Amino acid sequence: MEMLVSTEWLAGELGKPDLLVFDCSTFLPNEPGNKHDAFRAARIPGARMFDIDAIADKETDLPHMVPTPAAFARMAGALGISNGHRIVFYDQHGLRSSPRGWWMMRLFGHDRVAVLDGGLPAWVKEGRPTESGEAPAPAPATFVADFRAGMLAGIGDVKRIVADGSALVIDARAKGRFDGTAAEPRAGLPSGHMPGAANVPVTEMAGADGRMKDPAALRAIFAAAGATGGRPVVTSCGSGVTACVLAFGLVRAGLPEPAVYDGSWTEWASRPETPKEKSA
């Protein structure tokens with residue numbers, strides 16, 4: 001299954017029994033709107049909600065951290081996901097959080113998964129059908145998780161990397177937040193970055209039409225940040241969501257798959273012992 005699918009492809013596959021479509025939207029803490037209200041207002045026909053705030057570790061106060069394999073298997077099964085399904089994720093903004101769903105499924109061993117290029121905005125712009133109202137409850141299924149630890153980085157891993165330079169951290173936040181000149185959306189959290197990190201704002205992954213850039217363009221963007229394939233990469237962002245967009249972009253560019261720092265800047269900046277820098 002291709003990792004990035006077109007609206008035309010999805011329109012031709014909708015309704016097939018082995019295909020599941022999920023809205024994997026999220027909103028920033030300071031952003032107006034609600035993903036559940038937006039999902040009820042307009043969604044791709046047959047879509048279900050993949051709520052990364054619910055499919056998460058309940059034992060931490062950090063936002064949407066990945067759950068244990070056993071917990072993920074239960075949650076995926078409750079959404080009707082089995083190991084035999086093909087899965088397509090989209091989001092309401094275009095290309096913001098759908099790769100988080102792609103990454104999570106693959107983290108737990110499921111490779112038949114893709115992201116809809118352009119997301120719901122592209123689907124709607126083309127005049128394709130939507131539905132509204134409450135989505136019917138899915139029939140439960142059985143999902144068996146196969147955890148891939150190398151795709152996930154924890155704060156201990158990132159502390160070591162920052163200290164020894166053994167990998168490149170690429171941060172997906174906007175330049176002002178990375179530089180320390182703009183505020184973080186989470187109250188009380190300072191802006192800035194990890195020493196040695198590079199900045200590739202997530203907005204660089206898509207073109208003016210909201211669709212993802214081609215592999216050659218992505219390779220050039222990552223090369224400018226120092227990622228050429230010869231050094232391991234860890235992606236980060238505000239809370240582990242747009243870090244997955246960078247991970248998706250690296251794989252699409254044909255570069256080695258990075259690990260995603262799930263706690264990202266929310267965890268790093270809140271810890272008094274971690275080193276922080278500002279560019280200004």
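No experiment lies behind these values; they were computed from the predicted model shown.
Asp262 contributes no side-chain N or O that, together with a main-chain N or O of Gly240, makes up a donor-acceptor pair within less than 3.5 Å. The closest donor-acceptor contact from the side chain of Ser25 to the backbone of Gln92 lies under 3.5 Å. Checked by atom type and distance alone, the side chain of Trp123 pairs as donor or acceptor with a backbone atom of Pro129 at under 3.5 Å. Judged by distance alone, with hydrogens and angles left aside, the side-chain atoms of His193 form no donor-acceptor pair with the main-chain N or O of Asp171 at under 3.5 Å. In this structure, the side chain of Asp157 engages the main chain of Gly154 through a donor-acceptor pair within 3.5 Å.
Asp146 is not listed as a side-chain neighbour of Phe108, based on a closest heavy-atom distance of 4.5 Å or more. Taking the side chain as every heavy atom from C-beta outward, Phe89 and Val113 approach each other to under 4.5 Å. Residues Pro63 and Thr266 form a side-chain contact, since some pair of their non-hydrogen atoms from C-beta on lies under 4.5 Å apart. Using a 4.5 Å heavy-atom cutoff, the side chains of Ser82 and Thr142 are not in contact. At a threshold of 4.5 Å between non-hydrogen side-chain atoms, the residues Phe72 and Leu107 do not count as touching. Side-chain atoms of Trp268 and Pro275, non-hydrogen and from C-beta on, do get closer than 4.5 Å to each other.
No path of Ile, Leu, Val, Met, Phe, Trp and Tyr side chains, each step under 4.5 Å between heavy atoms, connects Val202 with Leu189, placing them in separate hydrophobic clusters. By the criterion of side-chain heavy atoms lying less than 4.5 angstrom apart, applied directly or through intervening Ile, Leu, Val, Met, Phe, Trp or Tyr residues, Ile161 is grouped together with Met194 in one hydrophobic cluster.
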Apply the test salt bridge (Lys or Arg N to Asp or Glu O under 4.0 Å) to residues Arg186 and Glu267: give CA-CA distance (whole Å), side-chain angles for both, the deciding distance (0.1 Å), then the verdict.
CA-CA 11 Å; Arg186 289 175 173 82; Glu267 181 177 41; over 6 Å; no
Could you walk me through whether Lys125 and Asp209 pass the salt bridge (Lys or Arg N to Asp or Glu O under 4.0 Å) test, one step at a time?
CA-CA 11 Å; Lys125 186 176 181 180; Asp209 62 356; over 6 Å; no
His36 vs Asp51, side-chain hydrogen bond (donor to acceptor under 3.5 Å, both in side chains): CA-CA, chis, key distance, verdict
CA-CA 9 Å; His36 296 288; Asp51 184 353; 3.2 Å; yes
Verdict with supporting geometry, Ser191 and Arg173, side-chain hydrogen bond (donor to acceptor under 3.5 Å, both in side chains)
CA-CA 10 Å; Ser191 56; Arg173 289 175 300 147; over 6 Å; no
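Annotation: cation-pi pair Arg177/Trp265 absent, no NZ/CZ under 6.0 Å from the ring centroid and within 45° of its normal. Cation-pi geometry between Arg106 and Trp102 is satisfied (NZ or CZ under 6.0 Å from the ring centre, within 45° of the ring normal).
For Glu59, the CD atom sits in a loose shell: 12 or fewer heavy atoms of surrounding residues, nucleotides or ligands are nearer than 6.0 Å. The local environment of CD in Glu126 is crowded, with over 12 non-hydrogen atoms from other residues, nucleotides or ligands closer than 6.0 Å.
There is no side-chain donor-acceptor pair under 3.5 Å between Thr242 and Arg100. Side-chain atoms of Asp164 and Ser166 form a donor-acceptor pair, as typed in the model, at a separation below 3.5 Å.
Taking the six-membered ring for Trp, His85 and Phe143 have ring centres at least 6.0 Å apart.
No option in Asp91, Thr26, Asp53, Asp23 other than Asp53 meets the side-chain hydrogen bond (donor to acceptor under 3.5 Å, both in side chains) test with Lys35.
Distance check, rounded to the nearest 0.5 Å: CG of Leu246 to CD1 of Ile170 gives 6.5 Å.
Relative ring orientation between His93 and Phe27 is described as perpendicular, the plane-to-plane angle rising above 60° on a 0-90° scale split at 30° and 60°.
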